[in-house]
Protein chains: 2
Amino acid sequence: MVRPTTYDAATRAALIDAAAAAVAAGGPDALTLRGVAAAVGATTSAIYALFGSKEQLLRAVHREAFAGLAHELERVPAGGGPLDELLELGLAYRRSALARPSLYLVMFSGDPRLVPTEPADAEAAAATLGRLQGAVGRAQAAGALPGSDPGDTTLELWALVHGLASLELLGALGDRDAAGRHWHRALRGAVAGYDAAG
Amino acid sequence: MVRPTTYDAATRAALIDAAAAAVAAGGPDALTLRGVAAAVGATTSAIYALFGSKEQLLRAVHREAFAGLAHELERVPAGGGPLDELLELGLAYRRSALARPSLYLVMFSGDPRLVPTEPADAEAAAATLGRLQGAVGRAQAAGALPGSDPGDTTLELWALVHGLASLELLGALGDRDAAGRHWHRALRGAVAGYDAAG
DNA sequence: GTTGTTACGTAACACTGTTACGCTACGCTG
DNA sequence: CAGCGTAGCGTAACAGTGTTACGTAACAAC
């Protein structure tokens, strides 16, 4: 009775990849439904069948980008002292943001269509920080960081690295070398600060 | 020989206000040239005569928003200890961001058309931080903060408050009260951190 | 093979930013 | 006080956008 679907999961993944590539290449305005559809040999119907709207496609790109960031953080080895580990995680965060600047900025663009995030998005963001929170928890357990709730400190460290990444991508931190010095200074200061302030 | 212009500076200011209001109300996609032109009783010709393109209009909104932020920071009184002053500046930054969330996020949206900022934009951003840098300089002079170059510490503090504002606007810091606790913890930690780490 | 239901491509719609065109209003020249 | 020429300005068209309605085509059941 029913015609079998050809807009399968593979098409869906390809569309997300093409959309992410378009955003990474030319920013959010460079993403057009006709463009991404043509890039994977489909039509706009495929997008509406699989996602429902451009907004939902962007949401999927959003989630994919957070997952990629989480993957980069997971790859950081856990060896060394807990504070060194936090520094390495911060630098890995920086590398990930610099690798695809437009995509990173879109993740936090604050497009109102993306801001009222669904619970799934909040969970994805939390999962992104899983690796970081683990390191914070270990540092606290080892007495290298104060506090008992790793979630609080994790969020505050996230705010710092996100702010650094955002400002660097906007050019406010100077060239690559100057920005690197800011990253090291700020990360060292933050870790020592929690140590000193309790 | 020449017809006098009716698209004067007042029209220009009104267009910037209307554009900022549209962005603040519905995000960047809610800004349409026909819409802002109609809001001030003009036509799209006025925008093209005064700005040249939507991009230039957005740039003007950008600068206006940074100027407003600078104005908010200037209003913070300089009394009290230098570290308390830094805390108050951070909280003023937060209030300013929360007052017009969409506008704040657009300021850092990273739209590639805005990223390669002109020198004038970089100067505007620097001026925004003038008040903060003054407080940092005084704190350093008083020995309450280490370091000799207030510019470095200012940028790193800016990264922190920007990250906090960005995450709060995206809902990652929880409700208003929880976010406030994060702000206080992070600001105290940062100030103490520079103190401890040198 | 016929039928019925579902997946899908196409084309239209309303809207966007942008630009070309023509009208209109004014200051200078007689 | 006329007339003209230049510049300012509104209108309308253009290409391109997201979205949707519609017709076609492909398959399972009978």
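Reminder, nothing fancy here: chain letters follow the sequence lines and each chain counts from 1.
- Each salt bridge (Lys or Arg N to Asp or Glu O under 4.0 Å) pair with one or both residues in residues 157-182 of chain A, not counting sequence neighbours, appears once here: R94(A)-E168(A).
- Listed by chain and residue number, L73(B), V76(B), R95(B) satisfy the side-chain contact (heavy atoms from CB on, under 4.5 Å) test with A92(B) (two or more places apart in sequence, or in another chain).
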Under 4.0 Å protein heavy-atom contact, by nucleotide of nucleotides 13-21 of chain C - B base, S sugar-phosphate only = ---BBBB--
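- Atoms CZ (F51(B)) and P (dC9(D)) sit 14 Å apart, rounded to a whole Å.
- In this view, R138(A) and E85(A) satisfy the salt bridge (charged side-chain N to carboxylate O under 4.0 Å, His left out) rule, not counting sequence neighbours.
- In this structure, the side-chain contact (heavy atoms from CB on, under 4.5 Å) partners of A49(B), at least two apart in sequence or on a different chain, are Y7(B).
- Partners of E88(A) by salt bridge (charged side-chain N to carboxylate O under 4.0 Å, His left out), not counting sequence neighbours: none found.
- When rounded to the nearest whole Å, the span between CD of Q56(A) and C1' of dG18(D) equals 14 Å.
- For L57(A) and dT17(D), the CG to P distance is 15 Å, given to the nearest whole Å.
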